[in-house]
Asks: 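If you scroll down you'll find the structure; I have some questions about it.
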Amino acid sequence: MTEPPSDALQELYERRAEAQYAEPAPAPDPRRDRKFARLTELLLAELPCERLLDAGCGDGRYFGVLAHAKQPPGAVTATDISERILVTAAAAARRDGLAVELVRANLEELPFPDGRFDLVFCSQVIEHLLDPGAGALELARVLAPGGRLVLSTDNRRAHVSAVLNAPRQLAVRVLGLQERLHPVTFPHATFGAGELATLLADAGLRVRTLESFRFHLQGIRRPLFLGLVSALDRRLPRHRFGDILAVVAEKPA
């Protein structure tokens, strides 16, 4: 049997996990982290559920959301391609008081039977696959009929942030700082809204909602500034030019 293409990236992600995710990070502040805040809202809106999969859980930053939900999932399973980052995720689960089954797996070939989960959460993963179509098919396969998918990825039309960050990116290139700022690089695609909807439709899922949100300035960490930007984004009318695309889709019953 041919291995899923992204299996070749495991060693790369093991190095990234050791360098960047050796310990659980503090829980993001939803007042200042617009991505975390909005995805938390979308995730909580789909609870309760019996069996939830966090597909590509990373350092487990959403475990606290699940642990403290008014109606937490009956059972939680989480996967990541990196064994090392699952060590960090396990520490996050202990910190947050969440019972979770952690499984090393590539999203292109999940080790679960058809229809295992009634809710799948997949944040900022599919853009890193060498075969996003295979990943979408697997997410659909492990969903039970009537199950829901909450997925986010990077928006190809993130024009506002591109303009805001252009001077900094030019300076980084001119000064040759790319390797220092990004010591571990990995595949990173972007999607148009229509392209993402088609990807999920081709996997057999029905898109219920699709939205774009968040703008950002790279290198800015001041809490007051982040809070103001997040508050502004919450009040903007619907648009398609944010950094993030978020989809809620369902598998036909």
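In this chain, numbering begins with 1 at the start of the sequence shown.
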Asks: Can Thr88 and Arg84 be counted as having a side-chain donor-acceptor contact under 3.5 angstrom?
Replies: yes
Asks: Consider only side-chain heavy atoms of I, L, V, M, F, W and Y, link residues closer than 4.5 Å, and tell whether Ile126 and Ile244 are in one cluster.
Replies: no
Asks: Ignoring hydrogens and angles, tell me if any N or O in the side chain of Ser6 forms a donor-acceptor pair with the backbone of Leu130 under 3.5 Å.
Replies: yes
Asks: Among residues at least two apart in sequence or on other chains, which ones pass salt bridge (charged side-chain N to carboxylate O under 4.0 Å, His left out) with Asp59?
Replies: Arg61
Asks: Not counting sequence neighbours, list each pair that qualifies as a ring pair (Phe, Tyr, Trp, His ring centres under 6.0 Å) and has a residue in residues 196-218.
Replies: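 Ring pair (Phe, Tyr, Trp, His ring centres under 6.0 Å) check on residues 196-218 returns Phe215-His239.
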Asks: Please determine whether the number of non-hydrogen atoms from other residues, nucleotides or ligands lying under 6.0 Å from atom CZ of Arg234 exceeds 12.
Replies: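 Yes.
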Asks: Could you check if a side-chain atom of Val100 sits within less than 4.5 angstrom of a side-chain atom of Leu102, using non-hydrogen atoms only?
Replies: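 Side chain of Val100 against side chain of Leu102, heavy atoms only: contact under 4.5 Å found.
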Asks: Give a yes or no answer on whether the side chain of Ser212 reaches the backbone of Gly242 with a donor-acceptor pair at less than 3.5 Å.
Replies: yes
Asks: Taking atom CD of Glu50 as the centre, does the number of heavy atoms from other residues, nucleotides or ligands within less than 6.0 Å exceed 12?
Replies: no
Asks: Could you tell me whether Arg214 and Asp233 have a side-chain N and a carboxylate O separated by less than 4.0 Å?
Replies: no
Asks: Does the side chain of Glu127 come within less than 4.5 Å of Thr190's, by heavy atoms?
Replies: no
Asks: What I want to find out is whether Glu138 reaches Arg141 closely enough, with some N-O distance under 4.0 Å, to be called a salt bridge.
Replies: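 Salt bridge flag = yes for Arg141 with Glu138.
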Asks: Does some side-chain heavy atom of Leu43 sit less than 4.5 Å from a side-chain heavy atom of Leu119?
Replies: yes
Asks: Should the pair Arg206-Glu250 be classified as a salt bridge under the 4.0 Å nitrogen-to-oxygen rule?
Replies: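 The answer is yes: the pair qualifies as a salt bridge.
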Asks: Please assess Glu46 against Arg208 for the test salt bridge (charged side-chain N to carboxylate O under 4.0 Å, His left out), listing each intermediate value before the final yes or no.
Replies: CA-CA 12 Å; Glu46 299 305 320; Arg208 200 169 75 199; 2.3 Å; yes
